[in-house]
Structures are given as structure tokens and as C-alpha cells.
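Quick caveat, the model's predicted, so the values are computed rather than measured. Here is the naming used below: chain letters follow the sequence lines, and residue numbers restart at 1 for every chain.
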2 protein chains.
Amino acid sequence: MTQTFPAESNAQFWLSMPCIHPETIRLVQEKMPASSVLAELADFYKLFGDGTRLRILTALSIAELCVCDLSALLDMKQPAVSHQLRVLKQGRVVRARREGKVVYYALNDEHIRNVLQVGLEHLGERQEVEEVF
Amino acid sequence: MTQTFPAESNAQFWLSMPCIHPETIRLVQEKMPASSVLAELADFYKLFGDGTRLRILTALSIAELCVCDLSALLDMKQPAVSHQLRVLKQGRVVRARREGKVVYYALNDEHIRNVLQVGLEHLGERQEVEEVF
DNA sequence: TGATTATATGTTCACATGTACATATGATTT
DNA sequence: AAATCATATGTACATGTGAACATATAATCA
């Protein structure tokens, strides 16, 4: 019989494990943002974590576009585009402007462009590193 | 009978739709990164799009930690932590260093810290905007 | 070598999520 | 008002994914 685990999830058990560095843990605990904040941040990043949405966002970072434009540009069915636009709108990453029958979408603020930029830069640097090997 | 759709996904069909702004689409097409690049970028963001992984990354942005520390800190079962660490390692977001039985994890590079920073800043700004209303 | 400790892996399952399809809504035009 | 066009929504379904659990591996120590 090897290591035995408790029947149910039990914080006390894990906190009593012998291998931990208590001081380090306390330090990190103090400096960590609240779990709720990080959950919210995760939801934000999740919006960028899908190929379709990222293509939409990249396109909107270049120009304001209507659903129909996006549908043609991305070669996707219109309902699929609308669906993702709704997700992005609920996440306050894009905003919509109606002009007659046409709805134009744009990035909600400049900050979104930054996030895309930082990600692309990281990818670029990683590629360069890999080329060396 | 309203709008009829083609039987299968067909780029030509969508490009021939009457509502599009062809010039804008061409402009965006020229400036857009390749789909493969954006898919890779999406995979990168996906790593940040989970509460657990984000808590791990935030913790590691403060201090180098072993699996056991993380398990205690996050109040999670050790296998679950190991699982996410593997995902993060495969995504080259963290790196591991073995010291005897203990494996210490750390952020792979400073760029990761930047990404976390940018996200937290965005969240901060958004909160301030919401407080006004 | 055998025992113990720290970590990793494999399997299963519940759940989230993206798309297709059909259809509804909203706005313009005749 | 009816027709038409652009967009939105609802449902069904397939796929991806995170955690629990059991177990395997790696390293140290008696």
C-alpha cells in the first residue's frame, strides 16, 4: 500500500503535507490577486483563445467591419460569425454600431489592440528562438 | 422562400454576396496575419484562459514553486496540478527544474509576466470605468 | 534492496463550447 | 403592407477539456 488519499477534497490534508515550504507559500498568498479576479481575467483571455474569435478580432483591429464582410472574409456562415460577435460583445471586447440594416463592429477600446500586439510579439520572439536550434 | 444557402461551405458564394464592401475586405486580407499564425496565437492565449492555470501562472510570477507547494497553495489535488503544469510546459509557458525528488516550476521567460500584467491592467481599467456607472 | 516521498501518467466522466441548421427579428424599399 | 435584405437567436450535436481516481515512475534513504 502506497500513498493514501483522503476520501473527499480536503484543504487541511494538503496543507499538512510534509513537503511544502510554508514561508514561500505565505509570501505568495499575500501577493496573489483574489481568485475571483483571476477567474475574471481567465474569462477575458478565453475570448482570445479561439481561432475564429482571434481572426475576427485581428480583422477588426485593421478596420471596422459589418457581419457580412466578416462572413465573407473569414469564409464562415453568417450565424457562426454573429454568434462569436455576441460572445465578444458580452465580454466587452467589441462594440456594435447600427446603420440601417447593417451592423458595424469594432474593437471596444485601444487596450484590446495592445493585448493582440503583445501576443503576436511573443509568438515572433519564440519563432526566432526556435530558428536558432 | 427566403434566403437560400449553398449545400456546402463555399468561399465563392460568400464572396459573391451583395452586401459586402470588397475594397475593405481586400485591405484587411492584405494586412491580416495567416490563419495558421492566429491559430497558434489562440493556442497561446488558451493557456491563460483557465482559472486554475492562471492561478498557477500568477503564483509562479511571484516565486518559483514545487508541485507540492502549488497543490497546497491552490488547494488542489496533486495530480490535477501536475496535469496543468504539463499543459503549461508543453505550451512553453513554464519550465521545470529538478532538485532531487522535488521539481521546481517557474515562468519560462519575462514575456509571460508581461502578458499577465497587460491583462490585469485591462481588468483594472475596466473596473474603474464600471465604477462610474 | 526495500520503503518512502515527490511527481507524472492514464482512464473515466461530467461539463463547457463551437458550429450547423432552421428560424426569428429588425430595418428598408416598393 | 409585402417583400427583401442583414443580422440575431434557439436547438441539436459533436468535440474538447478539466478534475477525480488509481497507478506508475523517479529519487532518496534506511
Side-chain angles (χ1 to χ4, degrees), chain A residues 1-10 13-14 16-21 39 42-43 45-56 65-72 74-91 94 96-105, chain B residues 1-10 13-14 16-21 39 42-43 45-56 65-72 74-91 94 96-105:
Chain A
M1 166 170 161
T2 60
Q3 203 173 14
T4 54
F5 296 110
E8 9 183 287
S9 183
N10 184 346
F13 173 82
W14 295 105
S16 70
M17 283 192 61
C19 65
I20 62 178
H21 308 109
D43 285 337
Y45 281 125
K46 213 171 291 181
L47 297 171
F48 296 78
D50 174 76
T52 297
R53 283 194 296 267
L54 210 49
R55 291 206 297 155
I56 292 176
L65 292 164
C66 69
V67 179
C68 196
D69 289 340
L70 283 167
S71 177
L74 308 179
D75 186 21
M76 288 180 57
K77 317 249 178 199
Q78 172 268 319
V81 175
S82 270
H83 177 247
Q84 295 299 359
L85 283 170
R86 176 166 52 159
V87 172
L88 292 171
K89 195 177 165 192
Q90 284 174 341
V94 305
R97 174 176 70 84
R98 182 150 217 150
E99 195 169 297
K101 286 180 280 194
V102 183
V103 178
Y104 291 96
Y105 282 86
Chain B
M1 169 168 161
T2 59
Q3 204 171 14
T4 53
F5 296 110
E8 9 183 284
S9 185
N10 185 346
F13 173 82
W14 294 106
S16 70
M17 282 191 63
C19 65
I20 62 177
H21 307 109
D43 284 337
Y45 282 126
K46 215 172 287 183
L47 297 170
F48 296 79
D50 173 77
T52 297
R53 283 195 294 269
L54 211 49
R55 290 205 299 156
I56 291 176
L65 292 164
C66 70
V67 178
C68 197
D69 288 341
L70 282 167
S71 177
L74 307 179
D75 187 20
M76 288 180 59
K77 318 251 178 198
Q78 173 268 317
V81 174
S82 272
H83 176 249
Q84 296 299 357
L85 283 170
R86 176 166 53 158
V87 173
L88 292 171
K89 196 177 164 191
Q90 286 175 340
V94 305
R97 173 178 70 83
R98 181 148 219 150
E99 198 168 295
K101 286 181 285 194
V102 183
V103 177
Y104 291 96
Y105 282 86

*asked:* Taking side chain to side chain donor-acceptor pair (under 3.5 Å) as the definition, give me every residue that meets it alongside Ser82(A), ordered by chain and number, with sequence neighbours left out.
replied: Gln78(A)
*asked:* Among dT7(C), dT9(D), dG10(C), which nucleotide has an atom closest to any side-chain atom of Cys68(B)?
replied: dT7(C)
_Out of dA22(D), dA8(D), dT5(C), whichever nucleotide has its closest atom nearest the side chain of Tyr105(A)_ = dA8(D)
*Quick one: Lys101(A) NZ to dC5(D) C1', roughly how many Å, whole number?*
4 Å
_Nucleotide nearest Gln78(A) (side chain, heavy atoms from C-beta), chosen from dA20(D), dC21(C), dT7(D)_ = dT7(D)
*Considering only dA8(C), dA6(D), dA20(D), which nucleotide approaches the side chain of Val67(B) most closely?*
dA8(C)
*asked:* Can you measure Leu74(B) atom CG to dA19(D) atom P for me and round it to whole angstrom units?
replied: 10 Å
*asked:* Just to verify, what does Arg97(B) make a side chain to side chain donor-acceptor pair (under 3.5 Å) with, not counting sequence neighbours?
replied: Glu64(B), Glu99(B)
*dT7(C) phosphate, OP1 or OP2, under 4.0 Å from Arg98(B) side-chain N/O*: no
*Starting at OH of Tyr45(B) and ending at P of dT17(D), how long is that distance when rounded to a whole Å?*
18 Å
_Per Ala80(B) side chain, nearest of listed nucleotides dA20(C), dA8(C), dA19(D)_ = dA19(D)
*asked:* Checking Arg98(B) now: which residues fulfil side chain to side chain contact (heavy atoms under 4.5 Å, CB included) with it, not counting sequence neighbours?
replied: Val103(B)
_Sequence-distant partners of Phe48(B), ring pair (Phe, Tyr, Trp, His ring centres under 6.0 Å), two or more places apart_ = Tyr45(A), Phe44(B)
*Say you draw a straight line from CG of Leu70(A) to OG1 of Thr52(A); how long is it, rounded to the nearest 0.5 Å?*
11.5 Å
*Out of Leu85(B), Leu65(B), Val87(B), Val94(B), which residue meets the side chain to side chain contact (heavy atoms under 4.5 Å, CB included) rule with Ile56(B)?*
Leu85(B)
_Arg53(A) side chain vs Lys46(A) backbone, donor-acceptor pair below 3.5 Å_ = yes
*Using atom OH of Tyr104(B) as one end and atom P of dA6(C) as the other, report the distance to the nearest whole Å.*
11 Å
*Of the nucleotides dT9(D), dT7(D), dT9(C), which one has an atom closest to the side chain of Cys66(A)?*
dT7(D)
Below 3.5 Å between N/O atoms, which protein atoms pair up with nucleotides 12-18 of chain C? Just atom names and distances, please.
{"residue": "dG18(C)", "atom": "OP1", "partner": "Arg53(A)", "partner atom": "NH1", "Å": "3.0"}
{"residue": "dG18(C)", "atom": "OP1", "partner": "Arg53(A)", "partner atom": "NH2", "Å": "2.8"}
{"residue": "dG18(C)", "atom": "OP2", "partner": "Arg53(A)", "partner atom": "NH1", "Å": "3.2"}

*Given atom CG of Leu88(B) and atom C1' of dA8(C), what is their separation to the nearest angstrom?*
15 Å
